[in-house]
Amino acid sequence: MAGTITEKILNKHIVEGEKKAGAEVALRIDNTLTQDATGTMAYLQFEAIGIDRAKTEFSVSFVDHNTLQTDFKNADDHLFLQSIAQRYGLYFSRPGNGICHQVFLERFAKPGNTLIGSDSHTPTAGGIGCFAMGAGGLDIACAMAGAPFRIKYPKIVGVHLTGQLSPWVSAKDVILEVLRRIDVKGGVGKVLEYFGEGVKTLSVTDRATITNMGTETGCTTSIFPSDEVTKSFLEKQGRQEQWIELLPDDNAEYDEIIEIDLSSLEPMVALPHSPGNVSTVREVGKIKVDQVAIGSCTNSSLRDLKMVANALKGRTIASNLHATVSPGSRQVVEHLIDSGEYRDMVRAGVRILENACGPCIGMGSAPKSGAVSVRTFNRNFKGRSGTADADVYLVSPETAVATAITGYLTDPRTLGDLPELKMPDKFFVNDNMILKPLPVEEAKEVEIIRGPNIAPLPKFEAIGNSLSGKVLIKVEDNITTDHIMPAGARILPLRSNIPEISKYVFEAIDCDFHRKAKENDGGFIIAGDNYGQGSSREHAALAPKYLGVKAVIVKSFARIHLANLINFGIVPLTFVNPDDYSNIDEMDELEINIGDLQGECVLHNKTKGNKIKLTHSLSRLDAEILKAGGKLPWIKKSMGKEMKNE
Ligand code: MIC
Ligand code: SF4
């Protein structure tokens, strides 16, 4: 049978379900990754499941988000994570080693494997031909316990690349072009699979930039072939034995095709406040800029930072702005130091930050009030930078560095000749900041370190047949998990403490939400399309659940958030007729008879005296999980039966 790469990998990993777009399939998961901000909760849940050692081929725990240690909280979390990794047989990438996705790509990712990670940008590993998806922490915990991971069998979109990128145009411009065409929900239920002659002109890290930011289309994942370019990358990383060839068959059939001629692309920019709000840098024109921030899991590879360093060589950044660079990994830094390019950036006046997420998630370097910040990152949601009224523009490293030099949003093609980048023949491989899994007997002796920042998991009850209460908030389309459960240096350190973090739910939209939820004994959330887009943070479900939210009623959901709601026993419902959205207001009193959650149900708006039909996309299993009060009580009950994963 003619096969796409997606089909080839899925065929090898499906343990249950029908291969039909939209049908639920269960996948065997080879690897997992977590980062610290979602990892603490994931591992608390793994402990609660009660398995003695991770059952995956390998699992890796990273520390890269909560690195601003302004008090004991983040440091407590790091030690907890290190001890958990040693206790349960995981790799542990120590703080300072780099951003999870960059380090995973360099040192761990394998073509043909399945990976889930408690971070929405896990598809970065798709750049090497790994089928990698973002998921909630509880799903990672379950996969480590040996359970399969369930997804809706995706539609496979072939992105046909032809031609070759012009000077000063790079991989970021490719994914911005994809976003320009399909926007932030155009990928829902789909895999974006890249193929065609243009593929071989892109390096593995270029490909990873594209698969990384594919997340912003809402897709299940993005993937590239594993070819000679992949082989050479793995050789340079000293991992040549892990290469397998993975190409689509000549007559592979895709559900849809997107045509992109790389030669026709020019520098692109996503305007505030959505990654899908894309235009060309040329059309947007000269905008005065206050901050340039380079890095993040999208654009912090050696190639990207070499570009920046070489363009800055002998120059000084413009006096009206400040510029930061956060390298993706220690490997990248070591090369930049060795080649002298690190010095070129320092001399130009760049502020070089830690190898971590940093400004991307508001962990320091927030811009001035009302700032224009030009970033190589993947998200520009309002307030995410840490400054509520800042305008964030997303661009390539080329455009960012040109902007840092001139002080205005600048088309990099005006800088003259493209600097020649000399990539190393071999990467410096130094895994001394990665702790290996301990042998079984030694691991059993490890004591888990729990500082006062690690609060116990909240417990939730089973759900009855009828839900009643008030509408606590009504929001519009494209509400992100950053709106629901904000991040940033102030709130992120509370990720291991649900009672504390729940005080900040919806803070930026309605700072009274927490009080309203408490006073009304919980209630409902009403929203428009694509509710919960963005991050995989399960806290955006867990904290509302803790506040008593019973159901979320929307026009449509984003994939990972929908799964997180089910995992924590919040009923996700959609309007049969989207116009009914306007027949409900904040503080209306509702009653919904959900029965056993098979098929449609009716919402009675007691305040308005009307009835509204609701539906859902829940499988029989999802309904069972919900009724049990969430996946943790469910999985503990059904262990044995569900733990097989083969
Ligand atoms: C993000 O980019 O929003 C994050 C922070 O990496 C999140 C994970 C989190 O909220 O901890 C993500 O993308 O999943
Ligand atoms: Fe970190 Fe930003 Fe990447 Fe999220 S998007 S993993 S915060 S660098």
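Both backbone and side-chain heavy atoms feed into the values below; hydrogens, waters and symmetry mates do not.
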Are S279 and L271 close enough, and set up right, to give a side-chain contact (heavy atoms from CB on, under 4.5 Å), and what steps lead you there? CA-CA 7 Å; S279 190; L271 308 170; 4.3 Å; yes

Only counting residues at least two apart or in another chain, list the ones meeting ring-ring contact (aromatic ring centres under 6.0 Å, His included) with Y91. F108

Taking only residues two or more places apart in sequence, or in another chain, which ones meet H539 in a ring-ring contact (aromatic ring centres under 6.0 Å, His included)? none

Indicate yes or no for a side-chain donor-acceptor contact from [X] to the backbone of [Y] under 3.5 Å, with no hydrogens or angles considered.
X	Y	answer
N97	R330	no
D36	D64	yes
D411	P267	no
R239	A109	yes
N564	S536	yes
H78	N66	yes
W168	T399	no
R384	D482	no
T211	T124	yes
T280	E283	yes

I need the [X] [atom1] to [Y] [atom2] distance, nearest 0.5 Å.
X	Y	atom1	atom2	answer
I509	I479	CD1	CD1	4.0 Å
S329	F104	OG	CZ	14.5 Å
I175	T298	CD1	OG1	10.0 Å
T122	I116	OG1	CD1	8.5 Å
L192	I210	CG	CD1	11.0 Å
I352	L305	CD1	CG	8.5 Å

Run the salt-bridge test on E398 and K172 with the 4.0 Å N-O cut-off and return the result as yes or no. no

Residue pairs passing the ring-ring contact (aromatic ring centres under 6.0 Å, His included) test where at least one lies in residues 334-381, sequence neighbours excluded: H335-F427, H335-F428

Pairs touching residues 389-418 that satisfy ring-ring contact (aromatic ring centres under 6.0 Å, His included), sequence neighbours left out: none

Is there side-chain contact between [X] and [Y], with heavy atoms separated by less than 4.5 Å?
X	Y	result
R490	Y504	yes
P424	K306	yes
D425	K236	no
L409	V374	yes
D290	P367	no
Q102	S301	yes
I84	I448	yes
N355	P327	yes

Show your reasoning for whether side-chain contact (heavy atoms from CB on, under 4.5 Å) applies to R375 and Q291. CA-CA 8 Å; R375 302 174 159 217; Q291 180 189 49; 3.0 Å; yes

More than 12 heavy atoms of other residues, nucleotides or ligands under 6.0 Å from [atom1] of [X]: is that the case?
X	atom1	answer
K382	NZ	yes
D417	CG	no
K426	NZ	yes

Candidate pair R303 and S170, rule side-chain contact (heavy atoms from CB on, under 4.5 Å), full reasoning: CA-CA 11 Å; R303 180 263 164 215; S170 68; 3.9 Å; yes

Is there a side chain to side chain donor-acceptor pair (under 3.5 Å) between D119 and H101 once you walk through the steps? CA-CA 9 Å; D119 193 281; H101 307 304; 2.9 Å; yes

Could you pull out the closest heavy-atom pair between [X] and [Y], with the gap in Å?
X	Y	result
A356	T67	CB-OG1, 3.9 Å
R207	T230	NH1-OG1, 3.4 Å
T34	A42	CG2-CB, 4.3 Å
V103	G328	CG2-O, 4.3 Å
L321	V289	CB-O, 3.5 Å
P397	D304	CG-CG, 3.7 Å

Sequence neighbours excluded, the answer for salt bridge (Lys or Arg N to Asp or Glu O under 4.0 Å) partners of R450 is E47

Residues in salt bridge (Lys or Arg N to Asp or Glu O under 4.0 Å) with R559, at least two apart? none

After noting the C-alpha distance and the side-chain angles of D206 and S203, does the key distance pass the side chain to side chain donor-acceptor pair (under 3.5 Å) rule? CA-CA 5 Å; D206 292 341; S203 68; 3.2 Å; yes

Test applied, side-chain hydrogen bond (donor to acceptor under 3.5 Å, both in side chains); reference residue, N530; option that passes from N478, D183, T480: N478

Paired with R379, the side-chain hydrogen bond (donor to acceptor under 3.5 Å, both in side chains) test is passed by just one of S120, S385, S535, namely S120

May I ask you to check whether Q237 and R107 show a side-chain donor-acceptor distance below 3.5 Å? yes

Stepwise, does the salt bridge (Lys or Arg N to Asp or Glu O under 4.0 Å) test hold for D77 with R495? CA-CA 9 Å; D77 286 2; R495 286 286 183 90; over 6 Å; no

V184 and S274: side-chain contact (heavy atoms from CB on, under 4.5 Å), yes or no, with the steps? CA-CA 8 Å; V184 291; S274 168; 3.6 Å; yes

Run Q45 and E538 through side chain to side chain donor-acceptor pair (under 3.5 Å) and show every step you take. CA-CA 12 Å; Q45 294 169 137; E538 60 191 353; 3.0 Å; yes

